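What follows is one structure encoded as structure tokens, with my remarks underneath.
Everything numeric here is computed off the predicted structure, so don't read it as measured data. Counting convention: from 1, in listed order, for ligands and their atoms alike.
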Amino acid sequence: MTITEEIQRRRTFAIISHPDAGKTTLTEKLLLYGGAVQLAGSVTARKNQRATTSDWMELEKKRGISISSTVLQFDYDGYRLNLLDTPGHKDFSEDTYRVLTAVDAVVMVIDSAKGIEPQTRKLFEVCRQRGVPIFTFMNKCDRPMKEPLALLDELERVLGIGAFPVNWPIGNGADFQGVYDRQTKTMHTFERVVGGKYRAPVIVGGLHDPEVRGNLSEADFAKTVEELEMLEHAGEIFDDAAVLAGKSTPVFFGSGVNNFGVQLLLDGFLKHSPAPKSRVMGGIEISPENPAFSGFIFKIQANMDPKHRDRIAFIRVCSGKFDRDMTVHHSRSEKKVRLSSSHKLFGNERETVDEAYPGDVIGLVGHDSFGIGDTLTTDPKILYKEIPRFTPEAFSYLHNPNTGKYKQFRQGLDQLLQEGVIQALYLRNSSIKTPLLAAVGPLQFEVVQFRLESEYGAESRLEAAPWSVVRWLPTDITEDALDGLSLPTGAKLAYDLGKNPVILFQNEWSANYFNETNKNTPLSALPIQTARE
Ligand SMILES: Nc1nc2c(ncn2[C@@H]2O[C@H](COP(=O)(O)OP(=O)(O)OP(=O)(O)O)[C@@H](O)[C@H]2O)c(=O)[nH]1
Ligand SMILES: [Mg+2]
């Protein structure tokens with residue numbers, strides 16, 4: 001296969017939505033239909049005790065929520081898919097936003113009973129800004145759902161995107177019969193499978209076949225037929241260009257947990273989604289076919305495999321070909337590094353990979369100097385600046401109650417800091433050496449505590465801190481100038497790990513007050529170098 005053919009068969013996409021809409025369940029079912037797992041593991045004997053391929057972390061299994069994004073690479077129908085399941089909770093959104101920089105398309109999952117929820121809206125906004133094509137899966141049709149026409153209307157009204165229903169649900173809730181594929185004009189009737197572990201049997205027929213109607217009442221069936229006629233009458237056709245430009249979204253209905261409509265979504269997605277495209281960085285366009293290998297690191301995660309206590313840097317390949325053992329330029333250190341330990345990933349499983357192409361996400365092990373956002377390339381002129389930064393809004397001290405375990409505590413904390421979802425700040429002129437953790441949301445602190453304990457055997461104790469706003473000071477400010485600042489009540493000076501000075505404020509009002517009264521000392525919501533970019 002030529003490099004062009006390799007690029008053209010890659011599909012790299014994320015599944016996004018508000019918490020609980022069914023992303024992980026759908027991911028599992030895509031793996032099942034994609035032939036990557038034999039048995040979907042989403043249902044086990046005990047409630048809330050799930051074993052999905054993508055929620056592999058101890059705490060995820062315990063809570064039944066996704067905390068960290070997961071990469072799953074597999075082959076299906078000649079395509080190579082790099083699928084990323086993301087967490088929906090806003091406290092974990094930094095990870096999700098980083099993933100969005102690494103993908104070429106997204107599948108947006110909507111709980112059909114709830115419609116468009118706030119976090120979906122935010123994630124959608126980011127996709128729109130980046131021009132990422134969006135495919136919509138209206139999930140949970142097996143439960144009483146909103147009217148399908150109302151759901152389409154919501155997409156258009158709330159998100160301002162055109163919606164093209166590829167298929168249409170017949171019946172709703174307990175009466176849900178399956179979906180009608182508008183393109184092939186066939187009805188796909190589904191049968192419920194206990195636990196949804198195996199592929200659901202499907203009868204494909206015409207809309208008016210008697211078995212299609214199932215237990216639907218005459219009136220409900222007539223209503224659906226009328227809706228379908230209305231859609232046909234509107235005469236809209238599938239507009240690939242609008243989809244690729246992120247202006248219109250193909251809509252698929254179904255039920256992930258029951259395996260309804262998953263095959264149609266997978267096939268429809270692969271048919272219409274884009275292969276990796278060029279990226280524009282600092283005015284230069286870098287095509288995937290550029291002979292230089294390049295990519296950027298968008299995620300770091302430690303201890304994915306308890307057998308290997310190491311950390312993996314996830315890189316999205318953007319151009320050229322990756323060969324194991326190749327030597328590349330590392331942007332942060334400006335040094336040459338040899339990439340000898342490279343893996344393809346499937347949840348927390350990994351396998352050595354010798355080559356990779358644009359679109360692929362691979363895991364690199366054994367490079368402590370790699371950080372989020374770093375570019376690796378054989379052409380040092382290429383520098384990606386893809387990774388967005390977020391201002392922490394939650395603060396808490398993290399104590400080590402067991403001095404005998406200081407080493408484990410420190411090692412664990414340092415590692416988790418490198419993953420870049422929490423930061424540590426240290427108060428200025430303070431005898432307190434307890435790290436003050438800062439994160440986008442407080443659930444991150446619980447994750448830190450849990451992981452310290454389960455991955456490093458270190459206990460910890462959280463202590464609430466009185467601040468809710470952090471602002472960075474100019475990096476060139478002198479210590480004397482810091483001494484001379486007059487801070488609002490309750491505000492404190494501190495340093496981040498890069499020794500950049502910050503001010504912690506009790507609230508937004510207090511930060512604004514400082515801004516008004518100290519016009520010569522401009523504050524920024526992020527460390528200054530990044531804010532300027
Ligand atoms: N009735 C019904 N329930 C579903 C369906 N799909 C998923 N669920 C349930 O919805 C709940 C949430 O599913 P997940 O797949 O964990 O949701 P998620 O979007 O990954 O959640 P986060 O990752 O925590 O944001 C689980 O209890 C699923 O069993 C469906 O089609 N119908
Ligand atoms: Mg999930």
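Between the side chains of Ser66 and Asp55, at least one donor-acceptor pair of N or O atoms lies under 3.5 Å. A donor and an acceptor atom, one from each side chain of Ser69 and Lys299, are located under 3.5 Å apart. Asp267 and Tyr33 share no side-chain donor-acceptor pair at under 3.5 Å. With no hydrogens or angles considered, a side-chain donor-acceptor pair links Asp85 and Thr24 at under 3.5 Å.
For ligand 1, the atoms closer than 4.0 angstrom to any heavy atom of Ser255 are 30 (C), 31 (O), 32 (N). Near Thr24, meaning under 4.0 Å from any of its heavy atoms, are these atoms of ligand 1: 15 (O), 18 (P), 20 (O), 23 (O). The atoms of ligand 1 that sit less than 4.0 Å from any heavy atom of Arg143 are 1 (N). Which parts of ligand 1 touch Gly22 is read off a 4.0 Å heavy-atom cut-off, strictly below it: atoms 7 (C), 13 (O), 14 (P), 15 (O), 17 (O), 18 (P), 19 (O). Heavy-atom proximity to Pro19, at under 4.0 Å, picks out these atoms of ligand 1: 25 (O). In the vicinity of Ile65, heavy-atom distances shorter than 4.0 Å reach the ligand 1 atoms 24 (O). Close approach of ligand 1 to Gly256 is summarised as follows: ligand atoms under 4.0 Å from at least one heavy atom of the residue are 31 (O).
Among the backbone and side-chain atoms of Thr24, an N/O/S atom is found under 2.8 Å from the Mg ion (ligand 2). The Mg ion (ligand 2) lies at 2.8 Å or more from every N, O or S atom belonging to Thr25.
Taking the six-membered ring for Trp and thresholds of 30 and 60 degrees, Phe92 and His89 have ring planes inclined between 30 and 60 degrees apart.
Within 6.0 Å of CD on Glu463 lie more than 12 heavy atoms contributed by other residues, nucleotides or ligands.
With distances taken over non-hydrogen atoms, the option nearest atom 9 (C) of ligand 1 out of Glu28, Lys90, Met138, Lys140 is Lys140. Among Val109, Thr96, Asp85, Thr25, the residue whose heavy atom lies closest to atom 7 (C) of ligand 1 is Thr25. In this comparison of Asp142, Ile15, Thr27, the heavy atom closest to atom 1 (N) of ligand 1 sits on Asp142.
Polar contact with ligand 1: absent for Cys141 (N/O pair, distance under 3.5 Å). Remark: ligand 1 and Gly254 share no N or O pair separated by less than 3.5 Å (distance only, no angle test). In terms of N/O distances under 3.5 Å, ligand 1 is approached by Lys23. Residue His18 has no N or O atom closer than 3.5 Å to an N or O atom of ligand 1.
The closest donor-acceptor contact from the side chain of Gln449 to the backbone of Ser460 lies under 3.5 Å.
Looking at every heavy atom in both residues, Val243 comes nearest to Phe135 through CG1-CZ, 3.9 Å.
Taking the ring centre of Phe164 as origin, the terminal cationic atom of Arg182 falls inside the region bounded by 6.0 Å and 45° from the ring axis.
By the 4.5 Å heavy-atom criterion applied to side chains, Lys29 and Leu32 are counted as neighbours.
Distances from ligand 1 to the non-hydrogen atoms of Asn258 include no value under 4.0 Å.
When each of Lys277, Arg316, Arg10 is paired with Asp104, the side-chain hydrogen bond (donor to acceptor under 3.5 Å, both in side chains) condition holds for Arg316 and for no other.
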